[in-house]
Number of protein chains: 2
Amino acid sequence: METNPGAPLFVSGLETHLGYWLRQVSNAVSGSFARSLKSRQASVAEWVLLRSLFERKQSTPSELAHSLTMTRGAISKIVDRLQTKGWITCKTSSDDNRVQLLALTGAGRRAIPILAKIADENDHKFFSCLDAGERSELRNLLGKLAGYHGIRDVPVE
Amino acid sequence: METNPGAPLFVSGLETHLGYWLRQVSNAVSGSFARSLKSRQASVAEWVLLRSLFERKQSTPSELAHSLTMTRGAISKIVDRLQTKGWITCKTSSDDNRVQLLALTGAGRRAIPILAKIADENDHKFFSCLDAGERSELRNLLGKLAGYHGIRDVPVE
DNA sequence: TATTGTTATACTCTATAACTATA
DNA sequence: TATAGTTATAGAGTATAACAATA
């Protein structure tokens, strides 16, 4: 695509991209969450995986990759770290020797409410400047976007 | 923090964190944008910096670091890449030899509408499932959050 | 052949901290 | 001393692609 070098350069709505705002706010929220999680030697991606495992009780790397919209390679790396931390276990399925069954350990289950509290506090820090109606509206809009675009890890409500 | 191992494990509102939804949706939007920008050999952070420079006409690494809430080191690396691509120039201020003045080159200015079009298309792809009122509501909510938390690169409207 | 999972490699984004050069 | 900027290092997060084991 070429533009006429003599023409005045008008770029429509440069400041209006919703994606831009979404990224700025999301980065601030997740960055703050990541810093808080460090006190428990955890990362955001680890929390997301633990949280999924907590809801499902048991899962496999492939299932998680699908539901979290990540590659199996990415899941594998996080699973590795969580095993090293002793928060999850991994055992071969008796039905299919290729399949690894992941589950929380006792330590992993005990970590959940601790990390959830950090998530609660972070959410409160960022979103308590909105009133309940606004938070609900934001949740609806994000849920609508997630649903529409097949962002899959939708909690069963 | 310790939990009673015998007690039933109830984690309040695990699925309700707004930060979680924000991150899932933002990652999908920015990931898609990043993939589209690749066709023009550009990254999201590069676009954000170019866009800032376009709005300010001229700036310095320190100013950008402040307005984009990034470290000077991070800015420095992106500036490097943009110079290599021939999209921005860098000259020492005559007022203060420590200060570098950054500005778009002709090629950089010509890249802006091309990249802006990719941003437009990406925004359309993700947000056209919302109606105008919902998009406006989302914009207001994100703007409110950004304002409240000192996310600084607020376009002058 | 297709699928599950791992590994190797690489890139983006970002931070921290040490450093250089100016002021 | 303080500030502007760079550089070195590190780590999170992610992807691609080659690979091994199993089906």
Side-chain angles (χ1 to χ4, degrees), chain A residues 20 23-24 26-38 40-49 59-85 88-102 151, chain B residues 20 23-24 26-38 40-50 58-85 88-102 151:
Chain A
Y20 179 82
R23 179 175 174 273
Q24 295 287 327
S26 174
N27 283 355
V29 176
S30 290
S32 160
F33 186 33
R35 282 186 292 278
S36 301
L37 285 175
K38 265 194 183 168
R40 296 292 175 168
Q41 276 67 254
S43 75
V44 176
E46 286 166 13
W47 161 244
V48 168
L49 203 154
S59 192
T60 70
S62 276
E63 279 172 10
L64 291 172
H66 181 256
S67 77
L68 299 175
T69 321
M70 290 165 68
T71 61
R72 285 170 298 148
I75 296 288
S76 205
K77 241 171 71 168
I78 300 166
V79 162
D80 245 25
R81 291 204 305 260
L82 290 172
Q83 275 189 288
T84 303
K85 287 173 189 175
I88 69 176
T89 51
C90 199
K91 74 165 192 243
T92 302
S93 163
S94 51
D95 293 351
D96 183 337
N97 280 317
R98 291 172 305 182
V99 172
Q100 296 293 308
L101 301 175
L102 308 176
I151 296 166
Chain B
Y20 179 83
R23 178 175 175 272
Q24 295 287 326
S26 174
N27 282 355
V29 176
S30 290
S32 160
F33 187 34
R35 282 186 293 277
S36 301
L37 285 175
K38 265 194 184 167
R40 296 292 175 169
Q41 276 68 254
S43 74
V44 176
E46 286 166 15
W47 162 244
V48 169
L49 203 155
L50 281 178
Q58 181 176 288
S59 193
T60 68
S62 276
E63 278 172 10
L64 291 172
H66 182 256
S67 76
L68 299 174
T69 321
M70 290 166 66
T71 61
R72 285 171 298 147
I75 296 288
S76 203
K77 242 172 71 169
I78 300 167
V79 163
D80 244 25
R81 291 205 307 260
L82 290 172
Q83 275 190 290
T84 303
K85 287 173 188 174
I88 69 175
T89 51
C90 200
K91 75 166 190 241
T92 302
S93 164
S94 50
D95 293 350
D96 183 336
N97 281 317
R98 292 172 304 182
V99 172
Q100 296 293 308
L101 301 174
L102 309 176
I151 296 166

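Naming: A, B, ... by sequence-line order, numbering from 1 per chain. Just so we're clear, the structure is a prediction, and the values are computed from it rather than from any experiment. Basis for what follows: all heavy atoms, side chains included, without hydrogens, waters or symmetry-related copies.
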Visitor: Which atoms form the tightest heavy-atom contact between A/Q41 and A/E46, and what is the distance?
Guide: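 That would be O-OE1, 3.9 Å.
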Visitor: Where is the tightest heavy-atom contact between B/L102 and B/L64, given as atom of each residue plus distance?
Guide: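 Here B/L102 and B/L64 meet closest at CD1-CD1, 3.7 Å.
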Visitor: Check whether any side-chain N or O of B/S76 sits under 3.5 Å from a backbone N or O of B/R72 as a donor-acceptor pair, and report yes or no.
Guide: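 Here the side-chain-to-backbone pair does not exist.
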Visitor: Could you list by number each residue of residues 73-83 of chain A showing a heavy-atom separation from DNA chain D of less than 4.0 Å, or answer none if no residue does?
Guide: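 DNA chain D contact set from residues 73-83 of chain A: A/K77, A/R81.
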Visitor: Please enumerate all residues that pass side chain to side chain donor-acceptor pair (under 3.5 Å) together with B/Q83, with sequence neighbours excluded.
Guide: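 With neighbours one apart ignored, the set is empty.
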Visitor: Could you tell me the separation between the NE2 atom of A/H66 and the C1' atom of C/dG5, rounded to a whole number of Å?
Guide: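 Going from A/H66 (NE2) to C/dG5 (C1'), I get 17 Å.
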Visitor: Using atom CG of B/L37 as one end and atom C1' of C/dC11 as the other, report the distance to the nearest whole Å.
Guide: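 Interatomic distance, CG of B/L37 to C1' of C/dC11: 15 Å.
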Visitor: Less than 4.0 angstrom between a side-chain N/O of A/R35 and OP1 or OP2 of C/dT16, yes or no?
Guide: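 Indeed not, no polar side-chain atom of A/R35 lies that close.
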Visitor: Which residues satisfy the side chain to side chain donor-acceptor pair (under 3.5 Å) test with A/T92, sequence neighbours excluded?
Guide: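 If we apply the side chain to side chain donor-acceptor pair (under 3.5 Å) test to A/T92, skipping adjacent residues, the hits are A/Q100.
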Visitor: For DNA chain C, find the residues of residues 92-100 of chain A with a heavy-atom distance under 4.0 Å and give them by number; none if there aren't any.
Guide: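 Only A/R98, A/V99, A/Q100 qualify.
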Visitor: Would you indicate, yes or no, if C/dC11 has its OP1 or OP2 atom less than 4.0 angstrom from a side-chain nitrogen or oxygen of B/S43?
Guide: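 Negative; the distance criterion is not met.
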Visitor: Starting from P on C/dT6, measure out to CG on A/L102 and report it in whole angstrom.
Guide: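 Taking atom P of C/dT6 as the reference, CG of A/L102 is at 8 Å.
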Visitor: Could you tell me how far apart B/L64 (CG) and C/dT14 (C1') are, to the nearest whole angstrom?
Guide: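 Distance, rounded to whole Å: 16 Å.
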Visitor: Where do A/V44 and A/S30 come nearest, in terms of heavy atoms and distance?
Guide: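 Where A/V44 meets A/S30 most closely, the heavy atoms are CG2-O, 4.0 Å.
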Visitor: So which atom in A/R23 and which in B/V48 form the shortest heavy-atom distance, rounded to 0.1 Å?
Guide: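 Smallest interatomic distance, heavy atoms only, reads NH1-CG2, 3.6 Å.
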Visitor: Which heavy-atom pair separates A/A45 from A/I78 by the least distance, and what is that distance?
Guide: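 Heavy-atom minimum between the residues: CB-CD1, 3.7 Å.
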Visitor: Would you kindly give the CD-to-P distance between B/E46 and C/dT14, to the nearest whole Å?
Guide: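 Computing the B/E46:CD to C/dT14:P distance gives 12 Å.
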Visitor: What residues form a side chain to side chain donor-acceptor pair (under 3.5 Å) with A/N97, not counting sequence neighbours?
Guide: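 By the side chain to side chain donor-acceptor pair (under 3.5 Å) rule, A/N97 matches no residue at all.
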Visitor: Applying a 4.0 Å non-hydrogen cut-off, can you work out what B/T71 is touching in the nucleic acid: base, sugar-phosphate, or nothing?
Guide: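 Since a base atom lies under 4.0 Å of B/T71, the category is base.
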Visitor: How long is the line joining CZ of B/R72 and P of D/dT7, in whole Å?
Guide: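 Atom CZ in B/R72 sits about 14 Å away from atom P in D/dT7.
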Visitor: Taking five pairs at each end, how big is the angle between the two axes of the helix from C/dT1-D/dA23 to C/dA23-D/dT1, to 10°?
Guide: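 One end axis against the other gives 20°.
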Visitor: Between atom CZ in B/F33 and atom C1' in C/dT12, what is the gap in whole Å?
Guide: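 These atoms are roughly 14 Å apart.
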Visitor: Rounded to the Å, how far apart are A/L49 CG and D/dG13 P?
Guide: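 So the two atoms are 11 Å apart, to the nearest Å.
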Visitor: Taking all atoms of both residues into account, what is the closest heavy-atom pair of B/A28 and A/I151, and its distance?
Guide: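 Here B/A28 and A/I151 meet closest at CB-CD1, 3.7 Å.
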